[in-house]
Amino acid sequence: MALLVVGITIALAACNRNDRRTPPEPDLAGSLTVRFLDVGQGDAVLIRSPEGKTLLVDGGRSTTRMAEHMRKYQIDKIDLMVATHADADHIAGLVEAAGAKPTYFINNGLAGTTQTWERLVSALQSAGTTFQKANNQVFNLGSAKVRIIAPPAGMGDDQNDNSVGVRVDFGEFHALLTGDSEKPETTAWLNQNRPEIEGPVQVYKSIHHGAANGDHQAWLTRVRAGNVVISVGENTYGHPTATALNLYKTNGIKVYRTDQQGTVTFTGKADGTYKVNTER
Ligand SMILES: [Zn+2]
């Protein structure tokens, strides 16, 4: 009986919509994919809208690794590229990804001091990419919204604490990535009561590869992540740390690790439901 009632309600809703002859809504029936590419020690997150629009947040430290991912996932056009900050484990692979002619490139406005940074700038210039400094812009990635979270004022010239944050919303499906932000930056964002950091979010990237100076309780209380992906490879920093792993455990956040599971992919629907696939 209950099923029958539901069926009738849906039928009526459909009739009403036809009768009013409203213009077609954006197609929210597709899926948004958020792919944490296995790039070893570093970050690279590939996001695709249901319409096939592409956002790449960071590129890992290896151009060959990025070239493999570009072939495998057919990255031939990038609509928006974000460098959270200019450290090599985030931007070296972007030099290769510049071959997909990004329409826009966003960074924190602090020029890197390395040859890798210079190579990236020149590759993007050759690609005809438009450069923008992070300024809380909102981009339409097909039917998904990309909200850029600018670093707060007063972070000096530290690259980690000037990491650019990125929130992606597709209906009720949400992802949040904040580079290698350390506690001063996330605390400043908390104090600003920024709406972009409000959870719950289904998909969340572990800050700074699971370092002890990244995620902390006050921040995780606000973000309310369902799943966290630690983008990490063999390293001498002790990433991910027991501090970070314990925090995720006590907060009931499901942990994925690219060093153990390879590339981790979330496929989300606009109603907030999602599936997770891991390479291993
Ligand atoms: Zn890093």
Side-chain angles (χ1 to χ4, degrees), residues 34-47 55-66 69 81-97 105-117 119-120 134 148-152 155-167 175-187 189 203-216 219-220 223 225 228-245 247-248 255-264:
V34 182
R35 216 182 277 283
F36 293 80
L37 302 173
D38 176 12
V39 290
Q41 177 74 9
D43 275 3
V45 187
L46 175 68
I47 298 176
L55 160 65
L56 180 64
V57 182
D58 291 340
R61 63 166 65 248
S62 157
T63 51
T64 39
R65 199 77 167 257
M66 181 49 69
H69 286 303
M81 176 187 278
V82 177
T84 59
H85 61 299
D87 287 351
D89 58 321
H90 296 254
I91 64 162
L94 292 180
V95 179
E96 179 71 24
F105 171 76
I106 290 183
N107 81 326
N108 60 11
L110 291 180
T113 53
T114 58
Q115 285 189 345
T116 306
W117 171 255
R119 276 200 294 274
L120 175 59
I148 302 296
I149 312 170
M155 295 293 118
D157 58 3
D158 182 79
Q159 282 288 348
N160 284 355
D161 273 331
N162 282 284
S163 287
V164 175
V166 178
R167 180 188 175 110
L176 180 66
L177 322 164
T178 68
D180 287 356
S181 317
E182 295 178 20
K183 208 170 173 182
E185 183 174 31
T186 48
T187 302
W189 276 333
V203 184
Y204 176 64
K205 188 190 74 68
S206 168
I207 293 179
H208 199 186
H209 325 287
N213 57 9
D215 282 300
H216 55 99
W219 173 253
L220 290 178
V223 169
V228 64
V229 181
I230 308 175
S231 191
V232 69
E234 208 173 296
N235 69 86
T236 54
Y237 311 109
H239 298 163
T241 59
T243 310
L245 293 171
L247 263 174
Y248 303 143
V255 175
Y256 294 89
R257 294 173 56 155
T258 59
D259 60 339
Q260 295 178 349
Q261 291 159 298
T263 293
V264 180

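Counting convention: from 1, in listed order, for ligands and their atoms alike. All figures in this text were calculated on a predicted structure; none of them were measured in a lab.
- In this structure, CG in L94 is found 5.5 Å from CG in L120, a value given to the nearest 0.5 Å.
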- Query: Can E96 and T64 be said to form a side chain to side chain contact (heavy atoms under 4.5 Å, CB included), step by step?
  - Reply: CA-CA 8 Å; E96 179 71 24; T64 39; over 6 Å; no
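- Within the protein, the N, O or S atoms lying under 2.8 Å from the Zn ion (ligand 1) are D89 OD2, H90 NE2, D180 OD2, H209 NE2.
- Remark: D38 engages R65 in a salt bridge, criterion side-chain N to carboxylate O under 4.0 Å.
- Proximity of a side-chain donor or acceptor of T178 to a complementary backbone N or O of G165 within less than 3.5 Å is not detected.
- With sequence neighbours left out, D87 forms a salt bridge (Lys or Arg N to Asp or Glu O under 4.0 Å) with no residue at all.
- A distance below 6.0 Å separates the ring centres of H90 and H209.
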